[in-house]
Amino acid sequence: MPTREPARPAGRPHGPGQAPARIPARRSVGDVLGGLGALTVLVAIVGGVPYALLTFAGPPLSPELLDLDLLTSRVGPSTIMAVLVLFVWLAWLQFFSCVVVEVYAGVRKVGMPARVPLSGGSQALANKLVSAVLVLFTAGAMIVPIAKLATPPPTAPAMTTVAYSAPIVEQPVDTQQHEQRTKKVYVVQPPHGRHHESLWEIAEKCLGDGRRYPEIYQLNQHKEQPDGTRLRMADLIRPGWVLDMPEDARHAHVVPVNQARAQTLKQHPAGSHGGHRQVADEVRQISSVKQGPAHARQDTQGTRAEAAAESSAVDLVDYLGVASLAAAGLLIVLARRRREQLWRRVFGRRIVRPRDDAAKAEVALRLGADAPGTRILDIGLRLLGAELATQGRTPPTVYAAHLSPRNLDLWIHPPDGDAPEPWLAQDGGQVWRLAAHEGRLLEEQPGGAPYPGLVSIGADESGRVLIDLEAAQGLINIRGPQTTAALAALAVELATNRWSDRMRITLVGFGDELTAIAPDRIRAVGSLAEVLPELEATAAPRQEVLTGRITGRPRDAHYLLSAVAPTHEEARRLALLARKDTAGYVVTGDVPHATWTLEITEDGKAKIAELGFEVTAQLLPRRHYQALIDLFRTAEQLDGEALPEAEPLEELAPPAVEVRMLGPIEILGRDPLEEGRMALATELLVYLATHPGGVHPVVLGGVLWPRGVQPTVRDATIARVVDWMGHEHLRADEAGRLRLGPAVRTDWALFRELVRRSHGDPTARTVLLDKALGLVRGPLLTGRPPGRYAWLAGDELEYDVAAEVADAAHRLCEIRLAHGEPDAAVAAVRAALLLATDDEGLWRDLLRATHATEDVVRLRTVVEGLTRRASSHPYGGGMAPETEALIDELLPSWRIHIVRESSA
């Protein structure tokens, strides 16, 4: 492939060492005429408007508006006219305030003007007029038009000039000596709400093009900051850091070249760019209103669209819910972490539950997860590899895949019409297809994973499109304003998918927090220079690796995702490496040696021209990325939370309507609705029953239809359930909240009441606990339809039920053992295990109770069952060390028996 000089980012000077273009200090005839015209308009508005109002309309508050009977008397034409006059006066006052702010910013040279509340259009007009007037009185003075900042940055010009309120005075002739004595720096600003500054945003504001952020990164990499830390990741900068800037930077401070960063921060504290932040906020508001939902979906990893996405309330479901394969993988990893939390749960506490955006993220994952599709990809690919290994064939190159509800298609090269069963060759052997109904019948496969580099880039109307990062056999160049969001989505799916075994993912310049999700697979570094030597030393030929994967001699799959643009030399070395190595390399920036170019467009499309793909991109913007990180950090907390107190019940008599949740879902006391309506009605009752304080219909609509619903549909559904239940059992209170009547009760409420009463009645404690555990019939809400009850992820119910059922069984087990009743103790624990299956404390109780029966065969049966369960658990992880230690104490020979059975 021929090499070519990489194109320079927009806004960068052409020649090395060439000084940035400067604006001449003289005014043109056009400037003078424009300034005179602007001055005329300003005088007319600032002075002429109030004069005309006073002359023809009167003062702001006319006698009609001061009349105390105004609110009770009829409104006449004179009153309406008085109100209109008042509005005109208020509009003039707002514009006059904007003019004062703009003049102050320009004359005092404070940088960007302050933001006048509720005056976007007025301040934009004042900004332009004052800018033109100041040209008459300052050399080269200019002001940034606020409205203009809402448009995307230019991409073509070699030098982009963005001016601001403070006058720019032409530098002395001895520019070279001046530049040697000073440098430009930028102080990273404190967060504004949820928004944190990023290198992209700083580059966009100070250099005119966000794509120039690598220049700032390279200038500051590994330099010590005032807080003692150093810049290692391009997406991890902190407020108060002092960043060296390119010489053509604007909105920056000029300081002595050798000045310490701490001294610079003292002179220019974080927050001194407040005007810039206010203008940026206005830009985001304008962008949100003007650009609409499509613009709001742009990358939030440092672009202006981050705040647009947040301010327009794009729900996490819109991103995480559609990343169906990644969602399925994330839920498996999350469940594994939760299982480890349960290993260490202590009596009287529940595991920590997610809140806020973290809880919403889990709701989105539960809604969107495509577990069946993930299973077909996993089992189907492993079966394909096993069949090819049996035939002594090398797996073909799969450069892409398409997963739909009907089929899994692999696009292979070169075409091969001999697809192993149950795969079928299509389109002359260019496509190998596995029908979904065939895939669902396949059993788990022990074979290796032949294509671990398959990863989603997005979706089309019929399904998900995946590419194999290894199939490019060269660099994949990713471009566009949302590259980091796209890279983060790739990283998350690669790190959690089921169709790969041994994998290493290296993230360059981003994603340090993603190690919280998959520390065994992900590492993050600050630069390509840190990993290139290792990559070059461990490269392996493609055919050798592919054959090893299906014959039981696999090598680790390795994928590099870089948000840092490589230098020309790094790009050359990566290109050479990618051609001979079986790995995947996805690199941002202008890479001349790329085999494929993955372009993420402004409207959220992912395009690969070389493959002819254009799909809706799979992205993970900053808010959603952070929500995932928070979710997994919650799952790392082992201390747990205190269980809430149960609300007492007045009586235990059978209710008129009972909602049964501790096992299969049942509604007793009402005839079932017709099929198709019962599931939704039941979920509505379950939610109301577990939220006795009442739920407003709008909130209930968001719970039952998290992707949105028409109010008419919501209200009709609620009305139907009210008719089914009867107004005495379901009604709205004075505040409009829906509540269940006192004659409706859940088995969960009864369980808690029985346990609560057992605390205060030692004589009846055993009977009450035994009766409570008798209510448990299986896992919580067994039989709930797929895609429903996702709200449980953000609710206390799952966490409370599992913990309290296990605690009740633990207490009853101890009482039974103390009374010399080991069989009854075993029965109590097994009842709780129907629901709290993953609570390792219950399994230890079962081991102790079984050991107390003095039946060694029975104990060995429990140990063997527990061992098999731990080794084949869908979430993996084995068993807790405390459980193994207890087994060693109670049955020292258990490992020998396990080895004998496995050998047999």
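Below, each value reflects all heavy atoms present in this structure, side chains not excepted, and no hydrogens, waters or symmetry copies.
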- Query: Listed by chain and number, what are the ring-ring contact (aromatic ring centres under 6.0 Å, His included) partners of Phe632, not counting sequence neighbours?
  - Reply: none
- Message: Any salt bridge linking Glu636 with Arg633? Criterion: basic side-chain nitrogen under 4.0 Å from a carboxylate oxygen.
- Response: no
- Message: Quick check: do Glu444 and Ile379 have side-chain heavy atoms less than 4.5 Å from each other?
- Response: yes
- SB check Asp378 Arg375 (cutoff 4.0 Å): no
- Item | Rounded distance (nearest 0.5 Å) linking atom CZ of Arg745 with atom CG of Leu740 | 13.5 Å
- Query: Between Trp791 and Tyr687, how do the two ring planes meet: parallel, tilted or perpendicular, split at 30° and 60°?
  - Reply: perpendicular
- Task: Run the salt-bridge test on Arg337 and Glu362 with the 4.0 Å N-O cut-off and return the result as yes or no.
- Result: no
- Note on the structure: One should read off an interatomic distance between Trp499 CH2 and Glu493 CD, to the nearest 0.5 angstrom, of 4.5 Å
- Message: For the CG atom of Leu331 and the CZ atom of Arg366, what is their distance to the nearest 0.5 Å?
- Response: 7.5 Å
- Hey, is Arg757 close enough to Asp761 for a salt bridge, meaning N to O under 4.0 Å? no
- Apply salt bridge (charged side-chain N to carboxylate O under 4.0 Å, His left out) to Arg720 and list each qualifying residue two or more places apart in sequence or on a separate chain. none
- Between Thr837 and Arg869, do the side chains contain an N or O donor and an N or O acceptor separated by less than 3.5 Å? no
- Query: CG of Asp888: more than 12 outside heavy atoms within 6.0 angstrom?
  - Reply: yes
- Note on the structure: The salt bridge (charged side-chain N to carboxylate O under 4.0 Å, His left out) partner of Arg752 among Glu804, Glu645, Glu647 is Glu804
- Answer yes when Glu513 and Arg622 have at least one side-chain N-carboxylate O distance shorter than 4.0 Å, and no when they do not. no
- Message: Under the rule for side-chain contact (heavy atoms from CB on, under 4.5 Å), what residues qualify as partners of Arg784, not counting sequence neighbours?
- Response: Ile665, Leu781, Tyr789, Leu792, Glu798
- Gap separating the CZ atom of Arg344 from the CD1 atom of Ile351, nearest 0.5 angstrom: 12.5 Å
